[in-house]
Amino acid sequence: MEKTFEIRAAKTSDGARLAEIYEPYVCQTVITFEEEAPSAQEMAHRVVETQKDFPWLVYEENGKVLGYAYAHQMQARAAFQWSAEVSVYLDWNYRGHGAGHALYAQLEKLLKEMGVAQLYAQIAVPNPESIGFHHACCYEDLCLYPHIGYKRNKWCDLAVLVKQLQLPEHPQPRKKI
């Protein structure tokens, strides 16, 4: 059977599947600093809130959501409107098949169209898979916050990576999607 996939905007009806994908990252790793897995309703709420200003995309193959990526403003103040933090999560059993790259490519295209200049990825380390993935997507190491979080009985560092999409001399206000 030939696989068919699409990348589309997330819907609130995806909430349960998004929660299912995210749960092992929360409960079994330090990859996210959340300590309690959000419910389907909470994930649906996050989709709605995020999509007020930024894209939240899902990767769907043969009718099943296998991953998602989204962005949000790096900081709350207006001067940060041209910088976005990005995240991607894939079904635990579907990593390494290109879905993450496809999601980021589409997310970055939309963010560039919105006028976003810089992308930031914040990665709990050690996490060589995510660091390698972001390097393959042309993100560069920016800084490391040592011992910034404590989860699963250990102190965790946070690596920050950056990718410049564009840097206009006089940017226009960021567009909505």
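Keep in mind the model is a prediction, meaning the values are calculated, not measured.
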Under 3.5 Å, is there a donor-acceptor pair linking the side chains of Tyr22 and Glu20? no

Least distance between heavy atoms, Ala71 atom then Ala84 atom: CB-CB, 4.3 Å

Does one hydrophobic cluster hold both Trp82 and Leu110, with members joined at side-chain heavy-atom distances below 4.5 Å? no

Rounding to 0.5 Å, atoms OH (Tyr104) and CG (Leu57) come to a distance of 11.5 Å

Find out whether Leu18 and Val58 are in side-chain contact, i.e. whether some heavy atom of one side chain is under 4.5 Å from a heavy atom of the other. yes

Could you tell me which non-hydrogen atom of Pro168 sits nearest to which non-hydrogen atom of Gln166, and how far apart they are? CD-C, 3.7 Å

If you measure only the distance, is there a donor-acceptor pair under 3.5 Å linking the side chains of Tyr59 and Glu6? no

Here's a test for you: under ring-ring contact (aromatic ring centres under 6.0 Å, His included), which of Tyr68, Phe133, Trp56 qualifies with Tyr89? Tyr68

Gln51 to Ala10 - nearest heavy-atom pair and separation: NE2-O, 3.0 Å

Do Leu119 and Glu85 come within less than 4.5 Å of each other through their side chains, counting heavy atoms only? no

Quick one: does any side-chain atom of Asn127 pair with a main-chain N or O of Ile31 as donor and acceptor, under 3.5 Å? no

In terms of heavy-atom contacts, Leu107 and Ala69 come closest through CD2-CB, 4.1 Å

Mind checking salt bridge (Lys or Arg N to Asp or Glu O under 4.0 Å) for Glu60 and listing every partner two or more places apart, or none if nothing turns up? Arg8

Ion pair present between Lys64 and Glu61, side-chain N to carboxylate O less than 4.0 angstrom? no

For residues 170-177, which side-chain N or O atoms pair as donor and acceptor with protein atoms under 3.5 Å away, sequence neighbours left out?
residue: Arg174; atom: NH1; partner: Gln73; partner atom: OE1; Å: 3.0
residue: Arg174; atom: NH1; partner: Gln81; partner atom: O; Å: 2.9
residue: Lys176; atom: NZ; partner: Asp53; partner atom: OD1; Å: 2.3

Salt bridge (Lys or Arg N to Asp or Glu O under 4.0 Å) partners of Glu129, counting only residues at least two apart: none

From Ile123 CD1 over to Asp157 CG, what is the distance, rounded to the nearest 0.5 angstrom? 12.5 Å

Hey, could you give me the CG/CZ distance between Leu66 and Arg95, rounded to the nearest 0.5 Å? 13.0 Å

Spacing of OG belonging to Ser83 relative to CG belonging to Leu165, to within rounding of 0.5 Å: 10.0 Å

Determine whether Val125 and Val30 make a side-chain contact, defined as any pair of heavy atoms from C-beta on separated by less than 4.5 Å. no

Answer yes or no: is there a donor N or O on one side and an acceptor on the other, between the side chain of Lys151 and the main chain of Thr29, under 3.5 Å? yes

Exercise: identify the closest heavy-atom pair between Glu35 and Val26: C-CG1, 3.7 Å

Roughly how far, to the nearest 0.5 Å, is the NZ atom of Lys109 from the CD1 atom of Ile7? 11.0 Å

Looking at side-chain heavy atoms only, is the closest gap between Tyr25 and Thr32 below 4.5 Å? yes

Where at least one partner belongs to residues 158-167, residue pairs that pass salt bridge (charged side-chain N to carboxylate O under 4.0 Å, His left out), sequence neighbours excluded: Glu108-Lys163

Taking C-beta and beyond as the side chain, do His97 and Leu90 meet within less than 4.5 Å on heavy atoms? no

Would you check if Pro55 and Met114 make a side-chain contact, meaning some heavy-atom pair closer than 4.5 Å? yes

Value rounded to 0.5 Å, distance of CD in Gln164 from CD in Glu140: 9.0 Å

With ILVMFWY side chains joined below 4.5 Å, transitively, what does Met74's cluster contain besides itself? Phe33, Tyr120, Leu142, Tyr145, Ile148, Leu158, Val160, Val162

Test side chain to side chain contact (heavy atoms under 4.5 Å, CB included) applied to Leu111 and Val86, step by step: CA-CA 10 Å; Leu111 293 170; Val86 295; 4.0 Å; yes

Counterpart residues, side chain to side chain contact (heavy atoms under 4.5 Å, CB included), relative to Glu42 (two or more places apart): Pro38, Ser39, His45, Arg46

Within the 4.5 Å heavy-atom criterion, are Asp14 and Val47 side-chain neighbours or not? no

